[in-house]
Amino acid sequence: MGKTLKLFCMILISAFVLVAVSDNAEARKKKIPKKPKYVGAAKCNGSCHDPYYQAWVKSPHGKTFNILKPGERADAKKKDKLDPEKDYTTDPQCLRCHTTGYRQRGGFKPAGSKSKKSGKDTSTKIDPEEPSKEQVGCEMCHSVAGGNQFRVVMKNTKGDFKKEETEKYGQRWDYENTCNRCHNHPKSPHGDGKLDYAKAKDTVHPFSKYITEDNADQNIVKDGKVKDRAKTKAKSEEKDLRIEDWEIKKGKLKFSKGTKPYSSKKKKFYYKK
Ligand code: HEC
Ligand code: HEC
Ligand code: HEC
């Protein structure tokens, strides 16, 4: 073989190898699901946000379902004219603020929920060892319609994403506003309890206490990712997203028109006027 031919073959082979490798890298990146849906806090745990999850489990929001059970917080219930002996764990009056994504795609479904078509049980499985959709999870503060889509963006970029890249898929950054989805909401049976956001935000997930040898690689504060993102502003930080309101009609929770912050049909966000 002539020298030039040999060289030509080498170049051709390397080109093939390069294409194959980069194809594989693309294939490893997961596709973003078409529609948003709630996945539950347990899905944010594990290899990504273990310290946040551990901190959340111990926080008030990691136990919001449990207090709907009979006998729990009897005095507080009496004070709010609720029946301390009643089981509220399937009551639509309570589930929107005490669970994750109730009456939205993928959201919590109480015991006794059935598929209209097949009659099959569709209620959310609860694992007492691993709190998830049945409590007020990550997605109630961090998303408009569930985290399945931006979770893939986070994974594909190994956590190195810009705010607008996940906001496009429903991650919200209007933290102080998002508390109003429940606290001090007009439909609350608890009267008004104004939240001091500046004080309250540090109790939401004091994750640094839960950093161990095993999850030290997930310390996104230490590795600078949080700081880098904090330098930029998302749309939902400039203008607060809408807060859902609802009515209970014939025992079912229906969102009031014009109060949802996102339409998955139109792929459109709605902000406060
Ligand atoms: C609009 C949202 C909302 C609805 C609806 C709602 N809650 Fe709550 N609930 C909250 C928030 C926020 C807190 C924590 C702050 C507070 O106590 O005001 C809370 C706290 C509680 C507590 C603990 C209070 C304490 O002082 O220890 C109990 C018990 C409770 N809720 C039961 C219920 C029951 C039962 C229902 C349904 C009949 C219900 N909640 C409906 C938002 C809501
Ligand atoms: C009750 C609301 C609430 C819940 C529930 C919640 N978070 Fe947060 N999260 C916040 C707030 C508020 C901040 C911003 C805190 C600050 O500015 O100091 C935040 C910040 C974060 C950040 C830093 C984001 C960045 O890049 O700046 C991560 C990561 C995070 N939360 C993960 C989680 C995970 C994982 C869960 C569930 C296990 C969760 N959060 C549950 C309210 C919540
Ligand atoms: C989906 C509903 C929901 C959202 C959104 C929500 N909370 Fe809560 N929060 C609750 C419920 C329910 C409780 C009651 C837990 C308990 O008493 O054990 C609670 C309890 C608390 C408590 C302890 C009780 C109190 O009133 O002092 C703090 C602090 C708190 N939330 C802060 C926040 C902050 C900060 C945000 C926004 C970043 C937020 N919450 C968003 C539902 C919510």
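None of the values given here were measured: they were computed from a predicted structure. Just follow the structure's listing: the first ligand is 1, and inside any ligand the first atom is 1.
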- Considering only protein heavy atoms, which is closest to atom 29 (C) of ligand 3, and at what distance to one decimal place? T203 OG1, 3.5 Å
- For A76, atoms of ligand 1 separated by under 4.0 Å from a heavy atom: 24 (C), 25 (C), 26 (O), 27 (O)
- Element-labelled atoms of ligand 2 that are located less than 4.0 Å from some non-hydrogen atom of I220: 29 (C)
- Query: With atoms numbered from 1 as shown, which atoms in ligand 1 lie under 4.0 angstrom from a non-hydrogen atom of Y88?
  - Reply: 35 (C), 38 (C)
- Check L68 against ligand 1 and report side chain, backbone, both or neither, counting heavy atoms closer than 4.0 Å. side chain
- Heavy atom of the protein closest to atom 5 (C) of ligand 1 (residue, atom name, distance): Q93 O, 3.1 Å
- Message: Distance check below 2.8 Å: does C94 bring an N, O or S atom to atom 8 (Fe) of ligand 1?
- Response: no
- Message: Tell me the protein heavy atom at minimum distance from atom 26 (O) of ligand 2, and give that distance in Å.
- Response: R229 NE, 3.0 Å
- Nearest protein heavy atom with distance in Å, relative to atom 18 (O) of ligand 3: R73 NH2, 2.9 Å
- Side chain, backbone, both or neither: which part of T100 comes within less than 4.0 Å of ligand 3 when only heavy atoms are counted? neither
- Message: So, using ring-ring contact (aromatic ring centres under 6.0 Å, His included) as the criterion, who are the partners of Y175 when residues are at least two apart?
- Response: H142
- Is ligand 1 less than 4.0 angstrom away from at least one heavy atom of I67? yes
- Query: atom 32 (C) of ligand 1: which of E244, H190, K81, K79 has the nearest heavy atom?
  - Reply: H190
- Task: Classify the contact between S188 and ligand 1 as side chain, backbone, both or neither, using a heavy-atom distance cut-off of under 4.0 Å.
- Result: both
- Tally of protein N, O or S atoms, where distance to atom 8 (Fe) of ligand 3 is under 2.8 Å: 2
- Message: According to ring-ring contact (aromatic ring centres under 6.0 Å, His included), who are the partners of H98, at least two apart in sequence or on a separate chain?
- Response: none
- Item | Those atoms of ligand 2 less than 4.0 Å from some heavy atom in G137 | 5 (C)
- Does the protein place any heavy atom closer than 4.0 Å to atom 9 (N) of ligand 1? yes
- Item | Electrostatic pair K163-E237, nearest N-O below 4.0 angstrom | yes
- Qualifying salt bridge (Lys or Arg N to Asp or Glu O under 4.0 Å) pairs with a residue from residues 84-102, counting only residues at least two apart or across chains: K86-D91, R96-E244
- Task: May I ask you to check if any N/O/S atom from C138 comes under 2.8 Å of atom 8 (Fe) of ligand 2?
- Result: no
- Task: May I ask you to identify, for M140, whether its side chain, its backbone, both or neither come under 4.0 Å of ligand 2 on a heavy-atom basis?
- Result: neither
- Item | Heteroatom distance test (H205, ligand 2): nitrogen or oxygen, under 3.5 angstrom | yes
- S115 (side chain) donor-acceptor with S118 (main chain) under 3.5 angstrom: yes
- Task: Measure the distances from the heavy atoms of Y197 to every atom of ligand 2 and state whether one is below 4.0 angstrom.
- Result: yes
- Message: Checking a contact table here: which protein heavy atom is nearest atom 2 (C) of ligand 1, and how many Å away?
- Response: C97 SG, 1.9 Å
- Item | R96 to ligand 1, any heavy atom closer than 4.0 Å | no
- Task: Let me see the working for Y52 and F207 under ring pair (Phe, Tyr, Trp, His ring centres under 6.0 Å), right down to the final yes or no.
- Result: CA-CA 5 Å; Y52 283 89; F207 69 93; 4.4 Å; yes
- Message: Looking at atom 43 (C) of ligand 1, tell me if a protein heavy atom falls under 4.0 Å from it.
- Response: yes
- Could you tell me whether atom 8 (Fe) of ligand 2 has an N, O or S atom of H142 under 2.8 Å away? yes
- Scan the protein's non-hydrogen atoms and note whether one is under 4.0 Å from atom 21 (C) of ligand 3. yes
- Under-4.0 Å heavy-atom contact with ligand 1, by part of E72 that carries it: neither
- Task: Please could you name the atoms of ligand 1 that P189 approaches to less than 4.0 Å, counting only its heavy atoms?
- Result: 4 (C), 5 (C), 6 (C), 7 (N), 39 (C), 41 (C)
- Task: Below 4.0 angstrom from a heavy atom of K77, which ligand 1 atoms are there? Numbered from 1 as shown, please.
- Result: 29 (C)
